[in-house]
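Everything below concerns the one structure shown next.
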2 protein chains.
Amino acid sequence: MGKPTTKDLAKAAGVSLATVDRVLNARAGVRQATVERVQKAIKDIGFVRDIAAANLARGKDYRLVFLLPDHDDEFLDLIQTALHEANDSMAHERTSTSIIRAPANDPHKVAALLDTLSAEQVDGVAVMASETPHVRDAIARLTARGIPVVAFVSNQPSAENAYFVGINNAAAGRTVGQLMARFTGAAQGDVLVITESMQARDSQERRLGFDAIMARYAPRLHVRPTMETYGDPARTAKIIATSLHNQPHVAGVYLMNHNIKKTMQAIGKFGTPEDTVIIGHELTPRTRACLLMGEMDAVITQDVGHLVRSSIRVLKAKITQLGTVASQERIRIEIILRENMPEANG
Amino acid sequence: MGKPTTKDLAKAAGVSLATVDRVLNARAGVRQATVERVQKAIKDIGFVRDIAAANLARGKDYRLVFLLPDHDDEFLDLIQTALHEANDSMAHERTSTSIIRAPANDPHKVAALLDTLSAEQVDGVAVMASETPHVRDAIARLTARGIPVVAFVSNQPSAENAYFVGINNAAAGRTVGQLMARFTGAAQGDVLVITESMQARDSQERRLGFDAIMARYAPRLHVRPTMETYGDPARTAKIIATSLHNQPHVAGVYLMNHNIKKTMQAIGKFGTPEDTVIIGHELTPRTRACLLMGEMDAVITQDVGHLVRSSIRVLKAKITQLGTVASQERIRIEIILRENMPEANG
DNA sequence: AATTTTCTGAGGCACGCACCTCATTTATTA
DNA sequence: TAATAAATGAGGTGCGTGCCTCAGAAAATT
């Protein structure tokens, strides 16, 4: 005989189907003693609710919202593409995702947007935003309203209950450090570190990890202070120009944020020594091309499709109060060289 | 209004539910013209069968069989663990997996085992075995019997219809080559390549990829002919001992197959220069430990959990004649350093 | 003890689909 | 044209669960 059903449960607990239903769906009007009898029976016979059947009966689908920064870069493009793809393939698993966008560095706007989401319209939320007290509180209010939240790409360690879907950025920084240390061989010189802003927690963590490894394995190299572009092309160009001019030998460059288009353009324009090792984050059309042409030596990335699907699975698991397979939800820090680069739409 | 149902389909096609059912489930007794009318309506209204409901109604579950080699190594252990894990987490998606084992290098036994599987007991099969004519034919017979097959880990390019779940081994070899070339810095000397057997197609492909990159990027190094251990500890020890003795400077070692326990033991015993770069395949407890202790420099691996889940998804898609999300099924060639090593049970 | 309140059981309908039977219509062949 | 075969429609039941109603049973209150 197959998996136990609600009928088996009712029999095992010595109650009726109606009572089983009341307990399973946390409806009122059941004595505590009875609730416990049923719960014991659940464990005894190993009952697990058939979610497919439950969803069918309920006619419900999962409405998930992804809150993303509202600026444009290739990484966000990838995320949106993956979300649309997921939306298509999950439509028949009763799951629909929608995207809302907020200024990345305006915590008030983010918080305000999150506050507009009610449990009537939304079943779960994935938030990609910088960690600030406002955002943290808005997340807390969401969960208080019964809406599960996951932190997406950017961790929210201060927000309890917000499961983090993304990579360990310190480890990512260490990985880049190790590659930089080894790829530079025995070269002497400077290493430039460039990012959009060190405000972002991600950048700080990556830098720390990077420095730790560089200090240990490549003391021959001098790692310069982080240069911030603030996303400004002119500023980026200027920074790069003066850096490349002043440093007689740039052995390596670490592009720490994921919007490296402008930066690579500037580097291409001003030129670096042939053997300069350039490592950056996120596999996008741009970094893909740079790898192929040998302009970049390695890219550290996370699988965007996996990020999206994992967020969806975790949110659904929270909504249905079911468990997840931990190993499936762990996001890998992927090292991409020209040789192991997956095909374009992967 | 939500997704179209069979009722909507019937209306759109101008036929009854019974006919829709006959078409959807490929039952006999429908005129070709009518079949086409229904299929056109399916496209027109974008009907997609609700698999959850269908499975519920059908009371069916997917019985999948994994045919694995019958010897023991850590990689196979990982696969079995992942299979058990998947079995648990898929139980409520009406999917059960079982494992049967056959001597890796006995194509007749493999074929004989595959021939015993009938469509009454089994809905899909994943085959991990060396590519031989016997195996290829047995796979063809399976699909002829209506049982979908995927090639698992080991490709079966000669078996049409057997979708391959695994990595491109030539690319994996190239990746190792690139890492070897860069990690060895400017060192001169020999590179040893060790495997269990060059009979296996995987080993041949890896070697080709490796050589191509080494010739191009590290002509300073001399890559020695492949040494075969045949899985024999004594032979392994002897090979290693003489190699390390004869080669004055071993700059690198490439452990090409996934059963590197004995080999690493031998290497540890006879010792290598401090700066010898050792790279191998598959992240197992053993390679994990070697990475942590600095005995190995990099491990090229494929996510075993992903391999298993992907196989299951692909088989189920074949059974239900549905599509898969290509990007989700692409198995990555993962580069693992100490710094980006996932936790133990990942 | 009588009354109110709180539980509990029995049963039905629905979800989208599979699968079955039987009657009826349409096409094919003699 | 009649006889036969093939195609189609109508309608029912069940999968496991959610959700609702109503009638009784048990417990708590007066």
Side-chain angles (χ1 to χ4, degrees), chain A residues 1-39 41-42 45-62 91-95 123 316 319-322, chain B residues 1-39 41-42 45-62 91-95 123 316 319-322:
Chain A
M1 94 164 207
K3 306 285 152 202
T5 71
T6 42
K7 278 181 195 152
D8 304 322
L9 221 201
K11 202 182 297 173
V15 299
S16 72
L17 271 177
T19 300
V20 162
D21 172 63
R22 291 181 183 111
V23 173
L24 282 181
N25 296 290
R27 276 184 255 280
V30 185
R31 235 180 317 166
Q32 185 55 30
T34 312
V35 172
E36 279 158 17
R37 269 218 337 266
V38 174
Q39 281 167 344
I42 289 179
I45 69 172
F47 171 84
V48 179
R49 186 198 314 236
D50 182 329
I51 312 250
N55 287 339
L56 177 59
R58 197 184 269 130
K60 134 164 205 168
D61 45 13
Y62 302 89
H92 307 287
E93 297 178 32
R94 305 192 143 68
T95 308
D123 301 300
K316 285 176 77 171
I319 294 167
T320 59
Q321 304 183 352
L322 243 65
Chain B
M1 97 166 203
K3 303 287 152 202
T5 71
T6 43
K7 277 179 196 154
D8 304 321
L9 220 200
K11 202 181 299 170
V15 298
S16 72
L17 271 176
T19 300
V20 163
D21 172 64
R22 290 181 183 112
V23 173
L24 282 180
N25 298 291
R27 275 185 255 281
V30 186
R31 233 180 319 165
Q32 185 56 28
T34 312
V35 172
E36 280 158 15
R37 268 218 338 265
V38 174
Q39 282 167 342
I42 290 179
I45 68 172
F47 171 84
V48 181
R49 187 204 309 246
D50 183 330
I51 313 249
N55 287 340
L56 177 58
R58 199 181 265 134
K60 130 164 208 167
D61 45 16
Y62 302 89
H92 305 291
E93 297 179 31
R94 305 191 144 68
T95 308
D123 301 300
K316 286 175 74 171
I319 295 167
T320 59
Q321 304 183 350
L322 244 61

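- In this model, the phosphate group of C:dG16 is not approached by any side-chain N or O of B:Thr6 to a distance below 4.0 Å at OP1 or OP2.
- Among the heavy atoms of the strands lying under 4.0 Å from B:Gly29 is at least one base atom, whether or not backbone atoms are also near.
- The shortest side-chain heavy-atom distance between A:Lys11 and A:Ile45 does not fall under the 4.5 Å cut-off.
- As rounded to whole Å, 9 Å separates atom C1' of C:dG16 from atom CG of B:Leu56.
- Straight-line distance from the CD atom of B:Gln32 to the P atom of D:dT8: 10 Å, rounded to whole Å.
- Relative to the side chain of A:Arg31, the nucleotides D:dA7, D:dA27, D:dT17 differ in distance, and D:dA27 lies closest.
- The stretch residues 10-22 of chain A comes close to DNA chain D through A:Asp21, each having a heavy atom under 4.0 Å from the strand.
- The A:Arg49 side chain lies nearest to D:dT17 when the options are D:dT8, D:dT17, D:dA27.
- Taking every heavy atom of both residues into account, B:Asn55 and B:Tyr62 meet most closely at OD1-OH, 3.1 Å.
- Residue B:Asp50 contributes atom CG, which lies 9 Å from atom P of C:dA18 at whole-angstrom precision.
- B:Arg27 has a side-chain polar atom (N or O) that falls below the 4.0 Å cut-off from OP1 or OP2 of C:dC19.
- How far CG of A:Leu9 is from NZ of A:Lys7: 13.0 Å, rounded to the nearest 0.5 Å.
- Listed nucleotides: D:dG18, C:dG16, D:dA27. Nearest to the side chain of A:Ala57: D:dG18.
- Using a 4.5 Å heavy-atom threshold, the side chains of B:Val23 and B:Arg37 count as separate.
- Nucleotide D:dT8 holds its C1' atom 10 Å from the CZ atom of B:Arg37, rounded to whole Å.
- Among D:dG18, C:dT8, C:dA18, the nucleotide with an atom closest to any side-chain atom of A:Leu24 is D:dG18.
- A 4.5 Å side-chain heavy-atom check between B:Thr95 and B:Lys316 finds at least one atom pair inside the cut-off.
- Here the C1' atom of nucleotide D:dG18 and the CZ atom of A:Arg94 are 13 Å apart, to the nearest Å.
- In this entry the distance linking CD1 of A:Ile319 with P of D:dG18 reads 15 Å, nearest Å.
- Applying the salt bridge (Lys or Arg N to Asp or Glu O under 4.0 Å) test to every pair with at least one member in residues 14-30 of chain B, sequence neighbours left out, gives these pairs: B:Asp21-B:Arg27.
- Atom CG of B:Asn55 and atom C1' of D:dG14 are 15 Å apart (whole Å).
- When atom types are taken as modelled, the side chain of B:Arg49 and the backbone of B:Leu24 share a donor-acceptor pair closer than 3.5 angstrom.
- Between the CG atom of B:Asp61 and the C1' atom of D:dG16 there is a distance of 14 Å, given to the nearest Å.
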